[in-house]
Amino acid sequence: MTTLDRGGPGAPPGPPPGAGRGRPTTGDDARERRRALAGRLDAKGSPYLFIAPFFLLFGVFGLFPLLYTVWVSLHEWSLIGGNEGFVGLDNYVRLATDGKFWNALYNTIGIFAIAVVPQLLMALLLADLLNRRLRWSGFFRIGLILPYVTSIAAVAIVFGQLFGPQFGMVNYLLELAGVDPVDWRGEKYASWVAIAVMIDWRWTGYNALIYLAAMQAVPRDVYEAAAIDGASRLRQFWQITIPLLRPTIIFTVIIATIGQMQLFTEPAVFGTDGAMNGGTQSQFQTVMMLVYQEAFRYGNYGYGSAIAWMLFLLIVLFSLLNVLVTSRIRSAT
Amino acid sequence: MQNLLRPGWRAAIAAAGAGVLLAATACGGGSGEADGEVTLVVDTFGVFGYEELYQRFEEENPGVTIEERNITDLADYTPQLQQNIAAGSGAGDVVAVEEGILVQFLQQADRFVDLNEHGGAELEANFLPWKWEQGHTTDGRLIGLGTDIGSMAMCYNVELFRDAGLPTDREEVGELWPTWEDFIETGQQFQEADTGASFVSTIFPYFNVLKAQEGDHTYQNTEGELVIETNPAVRGSWETVTSMAEAGLSANLPLWSDEWNAGIQNNTFATLPCPAWMLGHIESTAGDAGNGRWDVAAVPGGGGNWGGSFLSVPTQSEHPELAAELAILLSSPEGQLAAWNAANNLPSSEEAIDSADVQEFTRPYFNDAPVGQIYGASARELEPVYFGPDNQAIDDAFRAALESVEQGQASPDEGWQRAAEEAERAAGEG
C-alpha cells in the first residue's frame, strides 16, 4: 500500500518542485492537480477494476442464475409452457412430503459417509507415509495425483464395467475367492460401496497431497524433541501431526462436503439407462440426479429449482455441522 | 512495479481488460452469412445416411453449405433439442425428431414452420398414411415429414437355436411363434435344453413391441391424459413380459448397457426384437466373429414398430424457405432410398418400400436374410400408435420397474405400483 500512497491524500506535502526558483506557472499547477487526482483515483479505483472481471463473470454466470432459481422455484414452471403462475411455497411443501426426495437425500448422505470418512483417513495415512524418507518419493507423489487427472466420466465407465454383475471383474475375482457374486447395481448398499470406491479412487490422492503439503510445513525439530522425550511414531502422529494439520483438515472436510453433497457424475454414469433414475428403484439416485430428472427429464423446472435450493441450504447446514465436529480436534495453539 | 506504468495507464488497462472479458461473454451465437452465402445446419442423431443428398442439394443451390451436427445417442440428443426449441435459439435449420418426442413438439406447433406453406401439402403420396398423419397437428398444420420407420422382426441366434434342438430356418422359426404365448412356450423349451444361455436379454424391448401391437395409444390418450391403469394394452403387455421373467427366460441384462453388449458378443441370449435399425447395432457389436450367427424371422403377433423419425424446420431458422426445401428433398422417396442404401433405415414411403432396392436387398451378415422384404411386409401391417407428450419419461419409469422385477428386487405388483407413481410425476399429475 505504501507505494500507492505517493499521490494520495495522506502524502506529506513535500516542497513544491522548483520552489526556490520563482513562482510556478498556473499551467503547471493544473497539471499537478490532475496528476494528483489521477493518482488518487488510481489508488482507490484500480484494485476494484482488477478484481472486477471475476465479479462481473460471477454475477452473470453465478449469482444471477442462483437468484433466478429462487424465483423459478416459487412458480409452476415447465419446459414447454414456461412460467405457469406463482405458487408461493407449494413446491417446498411438496418437497417435504416427497418420498423420492428423502430417499435421494438418504442416498447422498449415505454415500457421503461411506466415501468421505475412509477417504480422508486414508489420505492422512498416505500423506504421513510419504512424509517420511522414502526412495522415489517424487514418483509416489505424482502417482497419487494421477487418478485425479483422469476424466471423471472415463473413471465412471471403467468402474461401471468392473462392477458389472455378470461380466464384471470384481465379481469374477469374488467367485475365484469362493464368495457369491454381488449385484452391484441392484442392491442398495452394494451400489453405494461401488460408487464410494469410485469416488475414493479419484479423490484420496488429491487430499493426501494437500495433507502432505501441510505436513511439510511442520518443523522437524518438534518431532525430534518428541522422539527424545520417548513419544512413539503413533503418538507423534496423533499429538503433533493431527493438531498442527487442524486447519487443513477442516478445509478438506468442507470441500469434500460441498463436493459430495452435489454428487452426480459417478452415480449418473454408473446407472445404465441414462434416465438419472439411479438404478431400477432409485437405489443410488442422489439429490443432484433428482434435480436433473425433475427439471430436464420431466420438464418440471419449478420443482427442480426448489430441490436445488433445498440442497444448497442443506450443504450450508451440513458444512457447518462438519466444521463443528472437526473443530473438536484439539488445536495446537 | 510502480515505475513500469503511469497510474492513469494502469487504470485504463484494467478497465480494458474488464471490457474485453465482457465483450467475450456477449459474443457467441450468430450464424455465418456473408455475400449471399448460406449455411444450413441439420441436427441428427444415430445414422441418417444423408451425405450424398447434401452434396446434391449444395450443387443445385449454389452458395449453400450444409453442415450436419450429429449426436449418436438419442438420449443425449432429445433433451438438447427440447431446450433449444424452448429457448428459441440454438437448434438447426432442419432437425430430426424421433417419434417418441414428436407429440411434445406438436403441442408447440408455433415453434415450427408449417410445411404446408412450402409445398408440403402435395407430398401425401410420399408416405405411408399413418406416418403422414403423425406429422400433423390436430388443426392440420404439417410440422414433421417422415423419414424412416422401425418396423419389426425378431432376430434370433442361429447357433443357440441349433444347440437347443430348435429349427434354424427363418421360415420355420417364424412358424414357432404366431402368438406371444407360443413365444413363451418356445422359450421354456429353449431353457429346458440348458444351453447355458437365456431366451431373452431383458424383457423391456418386448414390452415396447407388445404395447405397440395391442393398441392405438400407450400411456397417454390423445387428450394427453394418463391412462396406464385403464389401457389394456399397457397392463396386458406388462403381464405378458413379467410372465417371461417369472418363467426364467431373461438374462437380466439392461438394454444398451455394456453388459448387454457383452451378452451379444458372448452368445448369452437367443432372441431380440429387431427394428430395421437394430441390425446395424448387432453387426457392429458382434463384429466379425458374429458373422452368420444371427438371422431374422417374423415377430410374434405380427407387425409392430419401434422407432422412426421425422424432419422439422424450427421457426427460429433464418432461412425457412431453403430449410423446408432441404427437408422435402431428404424425406422424398428418393431421399429415403438413399438413406436405406447408406444406412438401412427403412423408408416410410410406399414407393420406396416397393422398389427393387428394398425388396431385393439381402444382408450377408444375417445369413443373407431378405431384410428388405421382411421389414417391408411388416411395415404394411402397421397400425399407427399415438405416443403421448410425456412418452419418453414414462417409458423410462416402466423400464426401471420392469428391470427391478426381472432382477428380483420387486414383485410384478410392486413394480407396477412404482411405475404408476413415477408416471404420474413424469406426466405432471403427481
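All values below were derived from every heavy atom in this structure, side-chain atoms included, with hydrogens, water molecules and symmetry-related copies excluded. The structure presented is a predicted model; accordingly, all values stated were derived computationally and were not measured. To find a chain, count down the sequence lines: A is the first, B the second, and so on, and within it residues start at 1.
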Next on the checklist: I'd like to know which of A/Gly168, A/Pro165, A/Gly299 tops the heavy-atom pair count under 4.5 Å against chain B.
Outcome noted: A/Pro165

Item to check | Contacting region of B/Thr268 [heavy-atom separation from chain A under 4.5 Å] | outcome: side chain

Checklist entry - Relative to chain A, which segment of B/Asn252 carries a heavy atom at a distance below 4.5 Å: side chain, backbone, both, or neither? => result both

Checklist entry - Going from CZ on A/Arg297 to OG1 on B/Thr78, what distance comes out if it is rounded to the nearest 0.5 angstrom? => result 8.0 Å

Item to check | Side chain, backbone, both or neither of A/Tyr301 within contact of chain B (heavy atoms, under 4.5 Å) | outcome: side chain

Checklist entry - Roughly how far, to the nearest 0.5 Å, is the CG atom of B/Leu402 from the OG1 atom of A/Thr280? => result 10.5 Å

Next on the checklist: Just by distance, no angles: are the side chains of A/Tyr298 and B/Glu422 close enough, under 3.5 Å, to form a donor-acceptor pair?
Outcome noted: yes

Checklist entry - Any idea which heavy atoms bring A/Gly186 and B/Gln407 closest together, and the distance? => result CA-OE1, 4.3 Å

Checklist outcome for this item: So CD of B/Gln83 and CZ of A/Phe296: to nearest 0.5 Å the spacing works out to 5.5 Å

Checklist entry - Checking B/Gln108 against chain A: side chain, backbone, both or neither under 4.5 Å from a heavy atom? => result side chain

Next on the checklist: Check whether A/Gln166 reaches the backbone of B/Ala251 with its side chain - one donor and one acceptor, N or O, closer than 3.5 Å.
Outcome noted: yes

Checklist outcome for this item: Honestly, the part of B/Asp390 sitting under 4.5 Å from a heavy atom of chain A is neither

Next on the checklist: Is it true that, when you exclude A/Tyr172 itself, more than 12 heavy atoms of the residues, nucleotides or ligands shown sit nearer than 6.0 Å to its OH?
Outcome noted: no

Next on the checklist: Please report the interatomic distance CD(B/Gln409) to CZ(A/Arg185), rounded to the nearest 0.5 Å.
Outcome noted: 12.0 Å

Item to check | Salt-bridge present (A/Glu294, B/Arg425; N to O < 4.0 Å) | outcome: yes

Item to check | Portion of A/Tyr48 that has a non-hydrogen atom of chain B nearer than 4.5 angstrom | outcome: neither

Checklist outcome for this item: Rounded to the nearest 0.5 Å, the CD atom of B/Glu259 sits from the CZ atom of A/Phe163 at a distance of 12.5 Å

Next on the checklist: Does any backbone or side-chain atom of A/Ser282 lie under 4.5 Å from a heavy atom of chain B? Answer side chain, backbone, both or neither.
Outcome noted: both

Item to check | Between B/Val405, B/Ile394, B/Leu253, the one whose heavy-atom pairs under 4.5 Å with chain A are most numerous | outcome: B/Leu253

